[in-house]
Amino acid sequence: MPELPEVETVRRTLLPVVLHKPITAVSVFTHRIVQNRPLEQFQELLVGRSFTDLIRRGKYLIFSVEGGLELIAHLRMTGRLIYYSSPDLPLAKHTSAVFSFGEGGELRFEDVRKFGTLDLVPQGEYQSVKGLYTLGVEPLSDEFSLGFFQELLLGRKTKIKALLLDQTKIAGLGNIYADESLFQAGIHPERSAHSLTAEEVQRLHAAIKEVLELAIAHQGTTFRDYRTGYGREGSFQNQLRIYGKKGADCPRCGVQLEYRKVAGRTSHFCPACQREQP
DNA sequence: AAAACCGCCTGTCGGC
DNA sequence: TGCCGACAGGCGGTTT
């Protein structure tokens with residue numbers, strides 16, 4: 001579910017309300033969510049300590065914890081991290097964990113499909129969190145330059161869509177924003193990476209940054225499950241041009257949009273604006 | 001290196 | 001209306 005813009009929105013909305021508040025209790029209702037150490041130890045290490053910072057890497061949220069620890073959260077498909085100022089509200093049906101701040105409210109991890117994860121690690125030691133350890137570059141950072149992107153595509157025969165979804169290359173793109181970026185750049189998802197012209201590479205590079213930034217400005221895309229840290233819906237679903245629009249007309253040329261499985265994922269594209277054979 | 005599977009879960013939707 | 005399979009925004013693991 002949540003991709004970079006959604007996770008970044010959760011970060012920004014939680015940042016003002018969860019830092020510097022001692023954790024008074026940690027309740028875990030879905031034990032499997034805690035990945036890398038016994039539940040008791042997980043709770044003991046957190047209770048009495050505060051979060052001191054919250055950053056994002058790809059689709060991961062990393063809470064700094066007093067005492068040189070980091071709490072790493074991944075929402076996977078349906079996870080939500082929502083701050084509640086009062087503990088009186090009944091728990092949602094699929095609540096996986098609750099971090100209580102006493103009078104300071106509580107942070108709840110809600111997750112219908114229970115794929116979401118929590119890891120507590122010594123600061124910077126990510127070896128046990130494989131996806132984070134092997135994560136590629138941040139697409140909104142300076143490191144993701146045109147030159148970097150050109151080199152990434154060079155000589156790679158893999159389909160461009162598959163490459164965009166590969167978190168070890170670029171961190172944070174998922175199915176929605178990969179499709180939206182490819183549409184904006186006018187590139188078919190099944191083109192092989194190395195077949196893109198210099199101009200296409202430039203367009204796709206720019207499109208990725210623009211789409212992600214615009215989605216963040218709209219607090220992400222809510223189809224069903226995603227909520228901000230305040231529990232509110234995003235609004236970028238109203239700005240989508242191609243994702244989930246099967247059968248609709250292309251907003252650019254009016255031709256009927258198509259979709260097919262690419263790299264195991266439903267992929268939307270305009271057969272006229274995004275040519276399979278350039 | 002890359003693709004094609006499966007599994008993890010629950011809910012929803014479309015077809016019959 | 002009910003049932004049943006397909007499918008969903010992610011990712012790790014295995015096999016080819």
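Every chain is numbered from 1, with letters handed out A, B, ... down the list of sequences. Basis for what follows: all heavy atoms, side chains included, without hydrogens, waters or symmetry-related copies.
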Problem - Aromatic contact, A:His205 with A:Phe144 (centres under 6.0 Å) - result: yes

Practice task
Give a yes/no on whether any side-chain N or O of A:Lys261 is located under 4.0 angstrom from OP1 or OP2 of C:dA8.
Solution key: yes

Exercise for the section: Report yes or no: is there a donor-acceptor pair, N or O only, under 3.5 Å between the side chain of A:Arg113 and the base of C:dA8? Expected result: yes

Completion exercise
Rounded to whole Å, OH of A:Tyr226 lies from C1' of C:dA8 at a distance of 18 Å

Fill in the blank from the handout: d(A:Ile23 CD1, A:Phe51 CZ) to nearest 0.5 Å is 4.0 Å

Exercise for the section: Could you state the atom-to-atom distance from CD of A:Gln237 to C1' of C:dG9 in whole Å? Expected result: 13 Å

Exercise for the section: Give a yes or no on whether a salt bridge exists between A:Arg227 and A:Glu233, defined as a side-chain N under 4.0 angstrom from a carboxylate O. Expected result: yes

Problem - Distance in angstrom units between A:Leu153 CG and B:dA1 P, rounded - result: 16 Å

Exercise for the section: Take the protein atom CG of A:Leu165 and the nucleotide atom C1' of B:dA4, then report the distance between them rounded to whole Å. Expected result: 15 Å

Problem - Rounded C1' spacing from B:dC8 to C:dC3 in Å - result: 25 Å

Exercise for the section: Would you mind telling me which of C:dG9, B:dT10, B:dA3 lies closest to the side-chain atoms of A:Phe223? Expected result: C:dG9

Problem - Nearest-angstrom distance, P atom, B:dG14 to C:dG9 - result: 16 Å

Practice task
Check A:Phe223 against A:Ile176 and note the closest heavy-atom contact, atom names and distance.
Solution key: CE1-CD1, 3.7 Å

Exercise for the section: Please figure out whether A:Glu3 or A:Leu132 has its closest DNA chain C nucleotide nearer the 5' end. Expected result: A:Glu3

Completion exercise
Looking only at C:dA8, B:dC9, B:dA2, the nucleotide nearest the A:Arg156 side chain is B:dA2

Practice task
Kindly say if A:Lys130 contacts the phosphate of C:dC11, meaning a side-chain N or O under 4.0 Å from OP1 or OP2.
Solution key: no

Problem - Salt-bridge contact A:Glu190-A:Arg260 (side-chain N to carboxylate O under 4.0 Å) - result: yes

Handout entry: A:Tyr243 side-chain N/O to C:dG9 phosphate OP1/OP2 under 4.0 Å
Key = yes

Practice task
Please give the nucleotide sitting opposite B:dG14 as a Watson-Crick or G-U wobble pair, both distances under 3.5 Å, or none.
Solution key: C:dC4

Exercise for the section: Could you tell me the separation between the CZ atom of A:Phe236 and the P atom of C:dG9, rounded to a whole number of Å? Expected result: 16 Å

Handout entry: OP1 or OP2 of C:dG9 under 4.0 Å from side-chain N/O of A:Lys59
Key = no

Completion exercise
One should read off an interatomic distance between A:Leu153 CG and A:Phe148 CZ, to the nearest 0.5 angstrom, of 10.0 Å

Exercise for the section: Name the residue closer to the 5' end of DNA chain B, choosing between A:Lys157 and A:Arg224 according to the nucleotide with the nearest heavy atom. Expected result: A:Lys157

Fill in the blank from the handout: Here the distance between atom P of B:dA2 and atom CD1 of A:Ile160, to the nearest Å, is 11 Å

Practice task
Can you figure out which of C:dC11, B:dT10, B:dA3 approaches the side chain of A:Thr158 most closely?
Solution key: B:dA3

Problem - Same-atom distance (P) from C:dA6 to B:dC6, integer angstrom - result: 11 Å

Practice task
Output yes if the stacking criterion (under 5.5 Å between centres, under 30° between planes) is met for A:Phe115 over the base of B:dC8, else no.
Solution key: yes

Fill in the blank from the handout: Whole-Å distance, A:Glu110 CD to B:dT10 P, equals 16 Å

Exercise for the section: Name the closest nucleotide to the A:Arg76 side chain, picking from C:dA8, C:dG9, C:dC11. Expected result: C:dC11

Handout entry: Distance between C1' atoms of C:dT1 and B:dT10 (Å, rounded)
Key = 23 Å

Problem - Mate of C:dG12 where both pairing distances stay under 3.5 Å, Watson-Crick or G-U - result: B:dC6

Practice task
In whole angstrom, give the distance that lies between atom CG of A:Leu75 and atom C1' of C:dA8.
Solution key: 16 Å

Practice task
Indicate whether OP1 or OP2 belonging to C:dC11 is found under 4.0 Å from a side-chain N or O atom of A:His74.
Solution key: yes

Problem - A:Arg57/A:Glu138 salt bridge by N-O under 4.0 Å criterion - result: yes

Exercise for the section: Scan A:Thr221 against the nucleic acid and name what it touches under 4.0 Å (heavy atoms): base, sugar-phosphate only, or nothing. Expected result: base

Practice task
Look at all strands and tell whether A:Glu6 reaches a base, only sugar-phosphate, or nothing, counting heavy atoms closer than 4.0 Å.
Solution key: nothing

Completion exercise
Walking DNA chain B from its 5' end, the first of A:Lys114 and A:Ala263 to be reached, judged by nearest nucleotide, is A:Ala263

